[in-house]
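Model, not experiment: these values are computed from the prediction.
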Amino acid sequence: MNKRVALAAAALAVFAVPALHAAEDENPSRYGFRLLSYAPSDGDLREDTKSTWFGPGLDWYIERDEDELPTRIATLGYVSSGDDLVLRARICPLTYTKISRTPISASRNRYVGYGAGIYLLRLRQFDVSSTSFKPGVHGMYGQEFGGNYFAEVRLDLVPSFENYSWSGVSLNIGTRVSL
């Protein structure tokens with residue numbers, strides 16, 4: 001129950017508050033927020049952690065196009081498998097993404113993106129923790145709505161660590177405006 005309340009509060013913070021702020025501000029923000037859901041592609045890691053992982057993300061818009069939409073983004077994310085007492089896994093990616101857009105209508109765009117980054121991986125089994133930094137690459141396909149919101153599917157390819165493949169697919173939703 002607490003996880004659902006926290007997820008609802010995070011969704012409210014990500015979407016409602018920035019939308020109200022955007023209506024008052026004509027200058028686009030350099031930052032945005034996202035909610036991440038991550039599913040490891042490794043069957044053993046997904047099965048052993050017994051869940052889809054969730055967490056927040058923060059985007060910094062390095063460069064924008066003539067419509068003030070970001071074309072280069074730095075993202076810091078955090079996803080965790082939960083509070084399992086036997087096995088807990090976390091990923092904290094710091095990534096750079098280049099985006100290319102195709103307009104669908106006046107208020108909607110499709111986009112593809114690709115990039116690279118460094119991934120902080122942490123695995124706790126019983127009382128033993130292991131941590132490692134690994135390089136990785138990613139690609140994404142998404143759609144923007146009204147210039148302020150987006151939904152995307154992202155594939156991250158990350159090297160193995162502790163006999164698990166940390167690559168996976170995520171579904172992200174977020175906002176291009178912030179407080």
Between Thr97 and Gly115 (side chain of the first, backbone of the second, donor and acceptor by atom type, cut-off under 3.5 Å), is there such a pair? no
What residue pairs, at least two apart or across chains, pass salt bridge (Lys or Arg N to Asp or Glu O under 4.0 Å) with a residue in residues 138-166? Arg34-Glu152, Arg101-Glu144, Glu144-Arg176, Arg154-Asp156
What residue among Leu94, Thr95, Leu36 forms side chain to side chain contact (heavy atoms under 4.5 Å, CB included) with Thr75? Thr95
Does a donor on one side chain and an acceptor on the other come within less than 3.5 Å for Asp65 and Thr71? no
Parallel, tilted or perpendicular, as decided by the 30° and 60° cut-offs, for the rings of Phe161 and Trp166: tilted
So, taking the atom named OG in Ser105 and the one named CZ in Phe145, what distance separates them when rounded to the nearest 0.5 Å? 10.0 Å
Verify same cluster id: Tyr164, Leu155 (apolar side-chain graph, 4.5 Å): no
Any idea which heavy atoms bring Ile62 and Ile73 closest together, and the distance? CD1-C, 4.1 Å
In this structure, CG of Leu69 is separated from OH of Tyr111 (nearest 0.5 Å) by 11.0 Å
Cluster link Leu121 to Phe133, ILVMFWY, side chain under 4.5 Å: no
Roughly how far apart are Tyr78 OH and Leu120 CG, rounded to 0.5 Å? 9.5 Å
With rounding to the nearest 0.5 angstrom, report the CG to OG distance, Leu123 to Ser132. 11.0 Å
Any side-chain donor-acceptor pair under 3.5 Å between Tyr61 and Arg72? no
To the nearest 0.5 angstrom, please state how far the OH atom of Tyr119 sits from the SG atom of Cys92. 11.0 Å
Separation between CG of Leu58 and CG of Leu76, rounded to the nearest 0.5 Å: 6.5 Å
If the condition is ring pair (Phe, Tyr, Trp, His ring centres under 6.0 Å), which residues does Tyr38 pass it with, not counting sequence neighbours? Trp53
